[in-house]
Chemist: 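Here you go, one structure.
Letters A, B, ... are given to chains in the order of the sequence lines, protein chains preceding strands, and every chain is numbered from 1.
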Amino acid sequence: MTLESQLPKTFNPNDVEEKWYKAWDEGKYFKPVQRNKNKKPYSLLMPPPNVTGRLHMGHALNHTILDILTRFKRMQGHETLWIPGQDHAGIATQAKVEQKIFQEQGKTKHDLGREKFVAEIWKWKEEYGNHIMEQFHKLGDSCDWDYFTFTMDEGPNLAVKKFFVDMYNEGLIYQSDYIINWDTTLQSAISDAEVEHKEVNGNFYHLHYQVKDSNQVLEIATTRPETLFGDTAVAVNPNDDRFEHLIGKKAIVPICNREVPIIADKHVDMEVGTGCLKVTPGHDFNDYEIGKRNELEIINILNKDGSLNENAKAVEGLNIKEARKKTVELLKETQQLISTKPHTHQVGHSQRSGSVVEPIVSKQWFLNTEKMAEISVQAVENEDMKFFPKGWENTYFSYQKNPRPWCISRQLWWGHQIPVFYCSEDSCLHTWASEEAETQCPKCHSKNIQQDPDVLDTWFSSGLFPLSTLGWPNKEKMQESGFDKFYPSAVLVTGFDIIFFWVARMMMMSNKITNQSPFQDTYIHAIVRDKDGVKMSKSLGNVLDPLEIIKENGCDAMRFTLAVSSGYNRNINLDPAKIEGYRNFINKVWNAFRFIHPYLENANDKGFEISELHHHEKWILNELNLVIKDVTESIEIYRFDDACNSIYQFVYEKFCSWFIELSKGILNSENEHLKIQRANVLKYCFKQIVKLLHPITPFVTEEIWGFLKSEDEELLIIQEYPVFDETLQFKEDSDYMDKFIEVVTSIRNLRNTVMIKPKDEIEVRLFTDNESLAKYFYKSRGFFKELAKVKAGKIKDKSIERPQKSIMRATGHTEIFIPLEGIIDLKLFVKKLENDKSKAQKEFDKVDKKLKNPKFIENAPIDVVEKVKEEAKEFQEKLDSITNSLNNFQ
RNA sequence: GCGACCAUAGCUCAGGUGGGAGAGCGCUACCUUGACAUGGUAGAGGUCAGAGGUUCGAUCCCUCUUGGUCGCACCA
């Protein structure tokens, strides 16, 4: 078989991705297996995507990171479990199905009734809900699909009920009339966290309120004149001289002509507006508090859909916008509108529906999070749970240090129904919470009972996910799923936007239940934006589709790009050109293997004898060792950028550009012993390389592994991750090699500056006073020939006179001369040499200045002084070399 | 308004505890080199936003200024 047919010239990722995913999945390689008793189990949770979700770059990034960690730990021998899941996403899903039914059947959810409607959602979920999960296979996710958990499954439902009932019985969950955020589109309460403030252009309206039994009028500024129908007071600051005499009197609300008290309240700021405030406790958070302090009446002027109700007779039935317009007109008619000035201000919008949030007073269920938040703050302060990068603590604390009651009830049909029951018997009216599906009142045994119709906030069940995915609270299921092994999990990987919604809630709820944080670390990754840093959105048309990228460049290229872009940064500006670049890298790896593959036939799988290693082999093994250390350490602290760059640099520069090039001569020689030895080392290195790369680029590495592995070896996915090897440290060979590389590069540089053709062989003279280095160079003469096209060379010490009519370059240790047979533009070269000189001079001056400063010698640590002295010596030598050479040209 | 974060090469970014400025992409010159043109070789390019301070020494620590991002609060 030819090389070409077995290993194509260009790696084609799409040919192998499906094959290997299937092999891993069907071979049960994603299941947790204890391979090394000394390693702790390692578990991770997939942030459950919405049932309605579509795969986007955010998922691709999140899953790339999760999968890197999973594969890395699995290869290290930890019993590794990545748990996948999915969120029922109450509001989003209900809205989607509602829309679908309306389009297809022209019916509303009320036409169907609750039971039928919920059944429709389940039907929809079964049909479309798995779509995104199938897409995750394309990303290479190595999660254990047997653990897949949907937040509405029986298990999570049990967890939700158990937690609710416990908190209810503890008094932490309670029902209360309170001012809450009302979404008029969804017709449901939403939590504070779900409100986004957006800047809106509105007006400042100045109104007149008549003081009763007086000629005096009060000027009041407002942005919402329509709420005057709900006014139950006018407030001034208690210390405001201007209005002191009016406190206790009555004001008359325009249009509805209701008398309301003029009260004093410290909330009113004398400096702001007119110093007078209309108080609408039913529709403003601050006014609600004022109302409570002053025992004011609450008037609700809104219907559930946001239209005005009978309490605002003059504008009844209108929506808020219309009502505002009409109110202003009426005020004009009665000449109580003084002025209208444009004003921009922040208005709360529902994150879910986008509509303006209306504060209304309503009976809702709340969870008192005060104590739980305090504990979850402590957990982070004690480093029981650590944020990476650490800065995100601030965001977490800013929420958790000001806990407010969490409004957990939603007036929806899709979700976990609140497990509270009411007895309808007038003589009983018992209310209780229960995990069971109750059929009769435990007190009066009446069957006339009802369950609370509301459902719970989606985040209530997501918050319990770390526990419910492992079977909590069902003892048998917990045993079965290995709760004790896998809880708490190792790390949570997610975006900053849900630090409060999800991270904080999991922390609170899990700490409450288990007295432990649900994960040890939280890694907050970046947000993927387009190449100009603009958020991807359908309307802007700048969305990159992961599946498209995979099709064009392969999954490995996408994963590597995302990983190398992912450190402690906030944004990833994803440029398709970058993905292409790393696709090229994948291809480079492929071709490097393609080159060495034919030579590996007789390679001894047991490797090599350390005593017989060639100095180049020692060098590459030393470098490989350093990379292994660096990559491992970087992944442990979630610096995927460092890990990727480290491997990239090693594979591309060290391995391909130098080691393979240096190996060509040996591989094509007749020396069978050296050839075998080199093949052994190449094979060893490449095995290590694909192992190092596998967590990041699983497909291409598994494919290559298929050609590399011995018959008794398993798939790459469960091979042991490389570890730093004490016996493979060769510092000296590494130092020599660095100098060799420096000299070869200098020769190439010289050739380039005077346009010597790549094929032309040249003569080179090296001058160095370092004897052992001279010996090393002598030993390497064949390699100079191959890599720098040197046909003949001499190595002398610096006491020997330098050749005339030559071009030269100097390093700190070696002078490189190339004699020339005329025809060269010397002026050009002299200019370059002068440039070299000025650079060398600058280098020298910098360190020389330090050494001439007695305070530096006095104060700086000895090792620093020594280092600078050595540098000075090298720079001096280099400078002298260039200066002497220049003199020869003058 | 309160708070946090950021400013390093043309672009995107990396630079634990102060001690000779880095990467990828892009750019320039040359090269049909038997692994790879998705390639090779060699380069150019930076007052580390500005001003002050601490220090023998500051991209790094402190203060201020300017410019930017984000979070929270604010519907008088």
Chemist: What N/O pairs connect the protein and nucleotides 8-16 of chain B at under 3.5 Å? Give each pair on its own line.
Modeler:
| from | atom 1 | to | atom 2 | distance (Å) |
| --- | --- | --- | --- | --- |
| B:U12 | O3' | A:N573 | ND2 | 3.3 |
| B:A14 | O3' | A:R639 | NH2 | 2.9 |
| B:A14 | O2' | A:R639 | NH2 | 3.4 |
| B:G15 | OP1 | A:R639 | NH1 | 2.7 |
| B:G15 | OP1 | A:R639 | NH2 | 3.4 |

Chemist: Under the rule for side chain to side chain contact (heavy atoms under 4.5 Å, CB included), what residues qualify as partners of A:K654, not counting sequence neighbours?
Modeler: A:W619, A:I620, A:E623, A:Q649, A:F650

Chemist: Can you tell me how far P in B:A7 sits from the matching atom in B:A14, rounded to whole Å?
Modeler: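 Per the computed distance, 8 Å lies between those P atoms.
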
Chemist: Please name the residue in the list A:D575, A:L574, A:V528, A:D530 that meets the side-chain contact (heavy atoms from CB on, under 4.5 Å) test with A:L544.
Modeler: A:L574

Chemist: Ring centres under 6.0 Å, that's the criterion: do A:Y648 and A:Y582 meet it?
Modeler: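 Centroid separation for A:Y648 and A:Y582: below 6.0 Å.
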
Chemist: Taking only side-chain N and O atoms of A:K789, does any of them lie within less than 4.0 angstrom of OP1 or OP2 on B:A42?
Modeler: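 Checking A:K789 against B:A42: no side-chain N or O falls below 4.0 Å of OP1 or OP2.
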
Chemist: A:K842: which residues meet the side chain to side chain contact (heavy atoms under 4.5 Å, CB included) condition with it, sequence neighbours left out?
Modeler: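 A:K842 satisfies side chain to side chain contact (heavy atoms under 4.5 Å, CB included) with no residue once adjacent residues are dropped.
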
Chemist: Taking the C1' atom in each of B:G22 and B:G3, what is the distance between them to the nearest angstrom?
Modeler: 33 Å

Chemist: For a quick check of understanding: with a heavy-atom distance under 4.0 Å over all strands, which category does A:S657 fall into, base, sugar-phosphate or nothing?
Modeler: sugar-phosphate

Chemist: Would you say the ring centers of A:F686 and A:F655 fall short of 6.0 Å from each other?
Modeler: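 Between A:F686 and A:F655, the centre distance is under 6.0 Å.
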
Chemist: Using the C1' atom as the reference point in each nucleotide, state the distance between B:G52 and B:A58 in Å, no decimals.
Modeler: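 These two C1' atoms come out 13 Å apart once rounded.
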
Chemist: Look at the side-chain N and O atoms of A:T745 and state whether any lies under 4.0 Å from the OP1 or OP2 oxygen of B:A42.
Modeler: yes

Chemist: With the sugar-phosphate defined as primed atoms, P, OP1 and OP2, and the base as all remaining atoms, what B/S/- string results for nucleotides 71-76 of chain B, 5' to 3', for protein heavy atoms under 4.0 Å?
Modeler: SSSBBB

Chemist: Which residues within residues 842-851 of chain A lie with some heavy atom under 4.0 Å of an atom in RNA chain B?
Modeler: A:K846, A:K850

Chemist: Does a nitrogen or oxygen in the side chain of A:K401 sit under 4.0 Å from OP1 or OP2 of B:A4?
Modeler: no

Chemist: Please give, in whole Å, the distance from B:A42 C1' to A:E653 CD?
Modeler: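 Taking CD of A:E653 and C1' of B:A42, I get 13 Å after rounding.
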
Chemist: Looking at A:R583, I'd like to know whether one of its side-chain N or O atoms comes within less than 4.0 Å of OP1 or OP2 on B:U38.
Modeler: no

Chemist: I'd like the P distance from B:G39 over to B:G46, given in whole Å.
Modeler: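 The same atom, P, in both gives a distance of 27 Å.
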
Chemist: Have a look at A:F585 and say if it touches a base, only the backbone sugar-phosphate, or nothing, with a 4.0 Å heavy-atom cut-off.
Modeler: nothing

Chemist: Nearest whole Å is fine: how far is B:G43 C1' from A:N752 CG?
Modeler: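 My rounded result for the distance is 8 Å.
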
Chemist: Please determine, for the side chain of A:T10, which listed nucleotide (B:A35, B:C56, B:U38) has the closest atom?
Modeler: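 The answer is B:U38.
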
Chemist: With sequence neighbours left out, what residues match A:K675 under salt bridge (Lys or Arg N to Asp or Glu O under 4.0 Å)?
Modeler: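 Listed in chain order: A:E672.
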
Chemist: Between atom OH in A:Y582 and atom P in B:G24, what is the gap in whole Å?
Modeler: 8 Å

Chemist: Select base, sugar-phosphate, or nothing to describe what A:E871 touches, counting heavy atoms under 4.0 Å on all strands.
Modeler: base

Chemist: Determine the interplanar angle of the A:F560 and A:F585 rings, folded into 0 to 90°, and report it as parallel if under 30°, tilted if 30 to 60°, perpendicular if over 60°.
Modeler: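 Ring orientation, 0 to 90° scale: tilted.
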
Chemist: Categorize A:K535 for me: base, sugar-phosphate, or nothing, with a 4.0 angstrom heavy-atom threshold over every strand shown.
Modeler: nothing

Chemist: Among residues at least two apart in sequence or on other chains, which ones pass side chain to side chain contact (heavy atoms under 4.5 Å, CB included) with A:T222?
Modeler: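 Counting only residues at least two positions away or on another chain, A:T222 forms a side chain to side chain contact (heavy atoms under 4.5 Å, CB included) with A:Y205, A:L207, A:R224, A:P225, A:K278.
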
Chemist: If you measure only the distance, is there a donor-acceptor pair under 3.5 Å linking the side chains of A:T340 and A:N203?
Modeler: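 Judged by distance alone, the side chains do not pair up.
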
Chemist: Give a yes or no on whether a donor-acceptor pair under 3.5 Å exists between the nucleobase atoms of B:A35, that is its base, and the side chain of A:E661.
Modeler: yes

Chemist: Using the test side chain to side chain contact (heavy atoms under 4.5 Å, CB included), find all partners of A:R583 that sit at least two apart in sequence or belong to another chain.
Modeler: A:N553, A:A557, A:E580

Chemist: Considering only atom P, compute the distance from B:A4 to B:U63 and round it to an integer number of Å.
Modeler: 11 Å

Chemist: Nearest to the side chain of A:N749 - B:G43, B:U33, B:G19?
Modeler: B:G43

Chemist: Relative to the 5' end of RNA chain B, which residue comes earlier, A:A860 or A:N853, by the nucleotide with the nearest heavy atom?
Modeler: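 Nearest-nucleotide comparison on RNA chain B picks A:A860.
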
Chemist: Among B:G39, B:A29, B:A4, which nucleotide has an atom closest to any side-chain atom of A:N394?
Modeler: B:A4

Chemist: Would you indicate what A:P861 reaches in the nucleic acid, counting non-hydrogen atoms under 4.0 angstrom: base, sugar-phosphate, or nothing?
Modeler: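 Base, at least one base atom sits under 4.0 Å.
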
Chemist: Can you check the distance between B:G19 and B:C61, where both ends of the measurement are the C1' atom (answer in whole Å)?
Modeler: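 It works out to 15 Å between them.
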
Chemist: Is it the case that the side chains of A:D183 and A:S355 hold a donor-acceptor pair, with the cut-off being a distance below 3.5 Å and no angle test?
Modeler: yes

Chemist: Please report whether the ring centroid of A:Y523 lies less than 6.0 Å from that of A:F387.
Modeler: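 No, the ring centres sit 6.0 Å or more apart.
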
Chemist: Checking side-chain polar atoms at under 3.5 Å, does A:E196 have a donor or acceptor matched by the opposite partner on A:H349?
Modeler: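 A:E196 vs A:H349: no donor-acceptor pair found between side chains.
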
Chemist: Can you give the dot-bracket line for RNA chain B, using ( ) for pairs inside the strand, [ ] for pairs that cross earlier ones, | for pairs with another strand and . for unpaired bases, where Watson-Crick and G-U count if both distances are under 3.5 Å?
Modeler: (((((((..((((.....[..)))).(((((.......))))).....(((((..]....))))))))))))....

Chemist: With distance as the sole criterion, do the side chain of A:K9 and the base of B:C36 form a donor-acceptor contact below 3.5 Å?
Modeler: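 No, the side chain and the base share no sub-3.5 Å donor-acceptor pair.
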
Chemist: Take A:Y568 and A:Y638, measure what ring-ring contact (aromatic ring centres under 6.0 Å, His included) needs, and give me the verdict at the end.
Modeler: CA-CA 8 Å; A:Y568 291 169; A:Y638 314 106; 8.0 Å; no

Chemist: List, with names and distances, any nitrogen or oxygen atoms from the protein found under 3.5 Å away from nitrogen or oxygen atoms belonging to nucleotides 60-63 of chain B.
Modeler:
none

Chemist: Taking atom C1' in both B:G40 and B:G45, compute the distance separating them and give it to the nearest angstrom.
Modeler: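 After rounding to an integer number of Å, I get 22 Å for this pair.
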
Chemist: Heavy-atom distance under 4.5 Å between the side chains of A:H525 and A:L61, does that happen here?
Modeler: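 Yes. Closest side-chain heavy atoms under 4.5 Å.
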
Chemist: Would you mind reading off the distance between A:N645 atom CG and B:G24 atom P, rounded to a whole angstrom?
Modeler: 8 Å

Chemist: State which residues pass salt bridge (Lys or Arg N to Asp or Glu O under 4.0 Å) with A:K401; sequence neighbours excluded, sorted by chain then number.
Modeler: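 Partners of A:K401 under the salt bridge (Lys or Arg N to Asp or Glu O under 4.0 Å) test: A:E381.
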
Chemist: So which heavy atom on A:T274 is nearest to which on A:I220, and how close?
Modeler: OG1-CA, 3.8 Å

Chemist: OP1 or OP2 of B:G40 less than 4.0 angstrom from a side-chain nitrogen or oxygen of A:Y652, does that happen here?
Modeler: yes

Chemist: Check whether more than 12 heavy atoms from other residues, nucleotides or ligands sit under 6.0 Å from atom CD of A:E870, and answer yes or no.
Modeler: no

Chemist: Write down the distance separating the P atoms in B:C75 and B:G67, rounded off to the nearest Å.
Modeler: 28 Å

Chemist: Distance-only check: which donor-acceptor pairs under 3.5 Å involve side-chain atoms of residues 659-669 of chain A, not counting sequence neighbours?
Modeler:
| from | atom 1 | to | atom 2 | distance (Å) |
| --- | --- | --- | --- | --- |
| A:E661 | OE1 | A:K664 | NZ | 3.3 |
| A:E661 | OE2 | A:K664 | NZ | 3.2 |
| A:S663 | OG | A:F659 | O | 2.6 |
| A:S663 | OG | A:R678 | NH1 | 2.9 |
| A:N668 | OD1 | A:Y599 | OH | 3.4 |
| A:N668 | ND2 | A:K664 | O | 3.2 |
| A:S669 | OG | A:I666 | O | 2.7 |
| A:S669 | OG | A:N671 | N | 3.2 |

